[in-house]
Number of protein chains: 2
Amino acid sequence: MRYQKVPDETIRRLPRYLRALLFLQQRKTESISSQKLAEYVQLNSAVIRKDLSHFGAFGKRGTGYNVSLLSKTIRDILKLNKPQKTVLVGAGRLGTAIASFPGFKRYGFDITAIYDNSKAKIGGKIGDTTIKSTSRLADIRRSEIKMAIIATPPDAAQETADILVENGVTGILNLSSCYLKVPKRVKVRTIDLAMELSMLPYYS
Amino acid sequence: MRYQKVPDETIRRLPRYLRALLFLQQRKTESISSQKLAEYVQLNSAVIRKDLSHFGAFGKRGTGYNVSLLSKTIRDILKLNKPQKTVLVGAGRLGTAIASFPGFKRYGFDITAIYDNSKAKIGGKIGDTTIKSTSRLADIRRSEIKMAIIATPPDAAQETADILVENGVTGILNLSSCYLKVPKRVKVRTIDLAMELSMLPYYS
DNA sequence: TTGTGATTGTGTTCACATTCACAATTAACA
DNA sequence: TGTTAATTGTGAATGTGAACACAATCACAA
Ligand SMILES: NC(=O)c1ccc[n+]([C@@H]2O[C@H](COP(=O)([O-])OP(=O)(O)OC[C@H]3O[C@@H](n4cnc5c(N)ncnc54)[C@H](O)[C@@H]3O)[C@@H](O)[C@H]2O)c1
Ligand SMILES: NC(=O)c1ccc[n+]([C@@H]2O[C@H](COP(=O)([O-])OP(=O)(O)OC[C@H]3O[C@@H](n4cnc5c(N)ncnc54)[C@H](O)[C@@H]3O)[C@@H](O)[C@H]2O)c1
């Protein structure tokens with residue numbers, strides 16, 4: 001697959017399609033038109049068709065897309081078919097909320113390791129997973145962990161990212177309020193809820 | 001101010017600038033060039049200059065921008081100068097993490113009301129704020145609350161949004177995994193952490 | 001006052017993303 | 001088998017945002 005050719009915006013939308021498709025699968029819907037899917041995900045139907053066409057033509061004209069085929073295809077594209085082992089660093093309020101949220105499993109993520117640097121937290125458990133000391137963070141090298149979630153305070157985020165990247169992580173969801181410097185091969189998505197909230201009053 | 005004229009992307013970036021400026025103010029930095037600011041927020045300096053130019057010319061050529069003036073100006077633009085009273089609906093794991101996070105205050109948000117529909121939670125407290133029953137959610141009409149954070153399960157999100165909008169809310173940060181239908185005058189930002197994470201493996 | 005070095009503000013160009021619109025294709029059915 | 005209605009896949013048109021590049025401006029020093 002030629003990554004260059006596919007727009008970033010397309011990749012960003014694929015999970016939205018997948019979420020809708022998983023919902024439709026629960027409802028035992030067998031096929032769906034781009035038009036109907038567009039309503040679910042609040043987009044123009046042409047966007048959906050063009051997005052999907054980057055990866056081949058798996059719609060049927062006159063009918064639409066087969067829900068389970070499309071769902072499987074998108075999971076393949078996004079590499080979500082095999083469980084993605086994921087590490088969480090920072091078992092604070094936000095980190096704990098994330099670690100105990102069952103919803104990630106549905107998208108193929110498995111939080112198999114949790115690290116924190118607080119004596120009070122190390123050794124404790126979230127669900128079945130024991131919180132380990134960040135002094136052992138480099139241990140992830142010997143696992144198959146490629147994905148990471150950073151939920152530490154901002155001033156610990158960069159050093160955390162450095163260790164993660166050194167030890168095999170190629171994707172980071174960064175929830176701390178600062179930007180990270182990483183090699184080009186590593187993909188970082190930074191979400192600061194305070195930033196997202198701060199946009200809203202402007203429009204009022 | 002003519003909202004139409006200013007690109008949405010610009011508004012989305014202003015909070016990033018503000019965050020960097022608040023940091024610089026702590027460091028007692030008096031002025032900053034677009035070039036330096038660009039490094040902090042990981043953007044091209046021309047983007048910053050163009051963004052700011054939509055609202056006037058408050059930079060000094062040869063010197064850069066006055067940090068505290070720019071910070072105040074952006075807060076004015078974003079309407080963050082007066083505390084924005086905010087309601088949280090859904091005091092679960094994510095909601096509790098948000099309600100107990102002190103960082104929102106720095107951007108002018110004040111979570112003055114929390115609602116949940118669980119008997120076990122109603123009457124409890126997060127910090128100084130008592131969790132109230134969603135049956136009383138319409139009470140927010142008599143407050144000055146314009147902003148809302150939805151952290152309920154997805155199937156309760158739409159009905160929650162409807163009540164919020166009916167009672168004066170014009171901005172919603174929606175953390176539940178579904179899209180909301182609201183009147184055009186209401187601005188919604190939907191963040192589903194599972195979606196954000198799902199993009200990452202593609203690039204690995 | 002004049003020259004110098006830095007930096008803004010912005011017209012222009014370029015790149016990308018969205019929307020339109022329709023020929024091609026399929027399913028259903030008479 | 002042929003006709004109809006639906007829907008995809010996609011070239012072309014349109015819209016939007018990012019990057020470039022430089023004249024205008026400013027601080028400051030000689
Ligand atoms: N909670 C929110 O609503 C919210 C909103 C916006 C942004 N954030 C950001 O998310 C991050 C986490 O927020 P939170 O509310 O969970 O904070 P928190 O203080 O509750 O949790 C931080 C956790 O990180 C741990 N930690 C500190 N240094 C560490 C290190 N070097 N290595 C590993 N772990 C370390 C702490 O022991 C703690 O458990 C922060 O950067 C915060 O700015 C949070
Ligand atoms: N926790 C995460 O990491 C995470 C990640 C991605 C998405 N989400 C989404 O965020 C939302 C909240 O997640 P969570 O982990 O905090 O869930 P949670 O189950 O811990 O909390 C949900 C809370 O909402 C309350 N609630 C239920 N129905 C309600 C109603 N009608 N009105 C008001 N309150 C109601 C419940 O009593 C509970 O306190 C969910 O939609 C979830 O899909 C969470």
Side-chain angles (χ1 to χ4, degrees), chain A residues 1-17 20-21 24 29-71 73-74 77 179 184 199 202-203, chain B residues 2-17 20-21 24 29-71 73-74 77 179 199 202-203:
Chain A
M1 222 162 315
R2 295 188 305 290
Y3 300 146
Q4 286 78 351
K5 293 273 295 183
V6 182
D8 259 23
E9 290 301 310
T10 292
I11 301 305
R12 183 169 306 180
R13 282 187 293 261
L14 290 182
R16 293 168 67 160
Y17 305 154
L21 291 165
L24 289 164
T29 312
E30 285 191 359
S31 79
I32 181 131
S33 68
S34 60
Q35 190 59 245
K36 273 288 186 68
L37 186 55
E39 282 169 35
Y40 277 101
V41 298
Q42 300 194 357
L43 288 171
N44 180 306
S45 65
V47 173
I48 297 180
R49 293 199 300 278
K50 185 148 281 184
D51 280 348
L52 298 178
S53 75
H54 284 110
F55 305 98
F58 18 77
K60 278 219 167 65
R61 295 176 191 226
T63 316
Y65 299 87
N66 178 291
V67 172
S68 57
L69 171 64
L70 187 54
S71 146
T73 306
I74 293 180
I77 296 167
Y179 292 100
K184 277 188 302 294
M199 295 176 30
Y202 173 82
Y203 297 93
Chain B
R2 294 187 307 289
Y3 300 145
Q4 286 79 350
K5 293 275 293 182
V6 181
D8 259 23
E9 291 300 311
T10 294
I11 301 305
R12 183 169 307 179
R13 282 187 293 263
L14 290 181
R16 294 168 65 162
Y17 304 154
L21 291 165
L24 289 165
T29 312
E30 286 191 359
S31 81
I32 181 129
S33 68
S34 61
Q35 190 61 245
K36 273 288 186 67
L37 186 55
E39 283 170 34
Y40 278 101
V41 298
Q42 298 194 358
L43 288 171
N44 181 305
S45 65
V47 172
I48 297 181
R49 293 200 299 278
K50 186 149 281 184
D51 280 348
L52 297 178
S53 76
H54 284 111
F55 305 97
F58 19 78
K60 277 219 169 65
R61 295 174 193 227
T63 316
Y65 299 88
N66 177 290
V67 172
S68 55
L69 171 64
L70 187 54
S71 146
T73 306
I74 293 180
I77 295 167
Y179 293 100
M199 295 178 28
Y202 173 82
Y203 297 94

Distance (rounded to the nearest 0.5 Å) between [X] [atom1] and [Y] [atom2]:
X      : Y     : atom1 : atom2 : answer
B:I11  : B:I74 : CD1   : CD1   : 10.0 Å
B:F58  : B:T73 : CZ    : OG1   : 5.0 Å
B:Y203 : A:D8  : OH    : CG    : 3.5 Å
B:I48  : B:R16 : CD1   : CZ    : 9.0 Å

Margin query: What is the first contacted nucleotide of DNA chain D and what is the last, in 5' to 3' order, if contact means an atom lying under 4.0 angstrom from a heavy atom of chain A?
Written below: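 Extent of the interface on DNA chain D: D:dA6 to D:dA12.
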
Notebook entry, point to check: Rounded to the nearest Å, what distance is computed from the CG atom of residue A:D8 to the C1' atom of nucleotide C:dC16?
Noted result: 11 Å

Next item on the list: Would you kindly give the CD1-to-P distance between A:I48 and C:dC20, to the nearest whole Å?
Entry: 14 Å

I'd like to check [X] versus [Y] (side-chain heavy atoms, cut-off strictly below 4.5 Å). Are they in contact?
X     : Y     : value
B:L52 : B:L70 : yes
A:S45 : A:R49 : yes
B:L24 : B:Y40 : yes

Item checked: Distance below 4.0 Å between A:N44 side-chain N/O and C:dA17 OP1 or OP2 ->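 Answer is no, no contact under 4.0 Å.
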
Note to self: Counting the atoms with a prime plus P, OP1 and OP2 as sugar-phosphate, which does A:R13 contact under 4.0 Å by heavy atoms, base, sugar-phosphate, or nothing?
What the structure shows: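 It contacts sugar-phosphate atoms only.
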
Check: How does protein reach along nucleotides 5-14 of chain C, written 5' to 3' as B (base within reach of a heavy atom under 4.0 Å), S (only sugar-phosphate), or - (no contact)?
Finding: -BBBBBBB--

